[in-house]
Amino acid sequence: MSRFSARFLRSINEHLGVPNEPPIDIQFQPSGYLFLAPPERAARLEATVRLQREEGVQVALLSPTQLKAKFPWIDTEGVAVASYGLEDEGWFDPWTLLNAFRCKATSLGVLSCSGEVRGFVTSSDGTVPVRATALDTARIRYVNIHKPNSLDYQPVACAIVVNAAGAWAGELLERAGLPGELCQPPLPITPRKRYVYSWHCPNGPGLSCPLLIDTTGAYFRRDGIAGNYLGGMSPPEEEEPNTDDLSVDHDYFQEQVWPRLAQRVPAFASLRPRGSWAGFYDYNTFDCNGVLGPHPKLENLFLAAGFSGHGLQHAPATGRAIAELLLKGQYETLDLRRLGCGRLVEGEPLREDGVV
């Protein structure tokens, strides 16, 4: 999926360009991802690299000596091996990509509106009988949409529903008023709040700085070319922050993130914090991988959520996959059946270890 998305973004104007509109510039900054592994996780990282190479990914394995030679600003203490992406990696402006998709869709005649889903009306709620099978199923007939500044909701008739509600994809199904048997298995997707901090360090790594994921889980990358950087770290499971708002815990940077950054990059001991913000991962508590494809009991509901921090880089591939399912009834470009709901039903996780 990442390789497909990289090719898509490289030729984005061929896919999303609109006649008589300026060319799309997502401000892509090519730079490899640098994963550092301690001795106890070295074998796992090496296995990941072997799999990536089998799929045609250009990635290098670096010993601590090679790592120090390539990035002399790194303290390699505690590092057994590192992997470094050589192509198709980097970062870009997500808002520009979102607007490009929206503008292209509008130019092709798509009508869009915004509102809050308040519930579903299914064939089991009205005169249309539920089709009897080994597992009872139903179809969504209407979606009740509450428009902003409205006192009531509007039932919208639908033939197909796609749940791409991100961090709220699981909650949406829970509160949609569906019969309990149609919500099994539960969609294990919840919001997880993550902080991103930015700082200035004039004597930091500079232009050679990749996106580095430390052995401790802390990560950072450069932000522009003027000595600015950004990064953060996911907390332990038992210390997950409250998701009621987007407030930032600045002590978390001072007490947890900064010491790890300074240990790996000594120059960061003198960094100056600049700012911060918070956002939500659509976190799949089952296996940290996306859930993609038809719902097992709602025949006209399709899922595309739970990518646990990888949603942006997988968005073009996800959109193509869902479009093929809806229009052709099967995957053609990428076979993504392994990401379907079947693994939730069978209790067989497809675990993603590369969640930052």
Side-chain angles (χ1 to χ4, degrees), residues 1-2 40-41 43-45 47-48 50-52 54-55 120 122-124 130-140 160-194 217 234-240 243 280-311 313-314 317-318 321-322 324-326 329-331 334-356:
M1 295 179 75
S2 296
E40 63 270 21
R41 295 202 299 271
R44 183 187 303 174
L45 182 60
T48 298
R50 284 195 298 271
L51 176 61
Q52 291 172 334
E54 290 171 2
E55 297 298 323
F120 295 149
T122 70
S123 56
S124 64
V130 176
R131 179 168 59 87
T133 62
L135 292 174
D136 287 343
T137 62
R139 294 180 63 84
I140 298 173
I160 293 172
V161 179
V162 178
N163 181 356
W168 296 271
E171 179 185 337
L172 185 149
L173 293 184
E174 288 178 1
R175 69 181 186 184
L178 295 168
E181 63 272 12
L182 295 179
C183 295
Q184 300 299 320
L187 191 58
I189 298 171
T190 63
R192 293 280 178 95
K193 185 162 72 171
R194 294 293 179 261
S234 293
E237 184 83 20
E238 63 275 10
E239 298 177 14
E240 284 289 343
T243 58
F280 294 115
Y281 273 7
D282 59 333
Y283 195 86
N284 181 347
T285 59
F286 182 65
D287 59 10
C288 297
N289 245 321
V291 181
L292 193 63
H295 190 275
K297 296 191 178 182
L298 292 165
E299 297 173 353
N300 58 336
L301 174 65
F302 293 80
L303 306 171
F307 290 91
S308 306
H310 294 148
Q313 69 193 60
H314 289 162
T318 299
I322 289 294
E324 290 175 350
L325 279 182
L326 300 185
Q330 62 183 8
Y331 295 122
L334 297 169
D335 185 354
L336 301 181
R337 287 175 294 177
R338 295 178 70 200
L339 293 178
C341 282
R343 70 186 201 274
L344 306 181
V345 175
E346 301 297 331
E348 297 178 354
L350 180 64
R351 196 158 305 281
E352 171 58 61
D353 293 324
V355 176
V356 177

Taking all atoms of both residues into account, what is the closest heavy-atom pair of [X] and [Y], and its distance?
X: P294; Y: C341; value: O-SG, 3.9 Å
X: L292; Y: Y331; value: O-OH, 3.7 Å
X: G293; Y: L325; value: CA-CD1, 3.8 Å
X: A321; Y: L336; value: CB-CD1, 3.6 Å
X: P349; Y: G347; value: CD-O, 3.4 Å
X: A317; Y: M1; value: CB-O, 3.7 Å

query = Should H295 and L173 be marked as a side-chain contact (heavy atoms from CB on, under 4.5 Å) after you check the CA-CA gap, both sets of side-chain angles, and the distance that decides it?
reply = CA-CA 11 Å; H295 190 275; L173 293 184; 4.2 Å; yes
ask   = Which residue pairs pass the salt bridge (charged side-chain N to carboxylate O under 4.0 Å, His left out) test when at least one of the two sits in residues 345-356, sequence neighbours left out?
value = none
Interatomic distance, [X] atom [atom1] to [Y] atom [atom2] [nearest 0.5 angstrom]:
X: N300; Y: R139; atom1: CG; atom2: CZ; answer: 4.0 Å
X: L187; Y: L172; atom1: CG; atom2: CG; answer: 9.5 Å
X: H314; Y: N289; atom1: NE2; atom2: CG; answer: 8.0 Å
X: F307; Y: T318; atom1: CZ; atom2: OG1; answer: 3.5 Å
X: L301; Y: I160; atom1: CG; atom2: CD1; answer: 10.5 Å
X: I189; Y: Y281; atom1: CD1; atom2: OH; answer: 15.0 Å

Greater than 12 external heavy atoms within 6.0 Å of R337's CZ =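 No, not enclosed.
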ask   = Between V161 and L298, does a side-chain contact (heavy atoms from CB on, under 4.5 Å) hold up when you go through it step by step?
value = CA-CA 10 Å; V161 179; L298 292 165; over 6 Å; no
Answer yes or no: is there a donor N or O on one side and an acceptor on the other, between the side chain of [X] and the main chain of [Y], under 3.5 Å?
X: D282; Y: G306; answer: yes
X: S308; Y: N284; answer: yes
X: H310; Y: G354; answer: yes
X: T243; Y: K193; answer: no

query = How about C183 and K297: do any of their side-chain heavy atoms sit closer than 4.5 Å?
reply = no
ask   = Thinking salt bridges, do E240 and R192 make one under a 4.0 Å N-O criterion?
value =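 Salt bridge between E240 and R192, a charged N being under 4.0 Å from a carboxylate O: yes.
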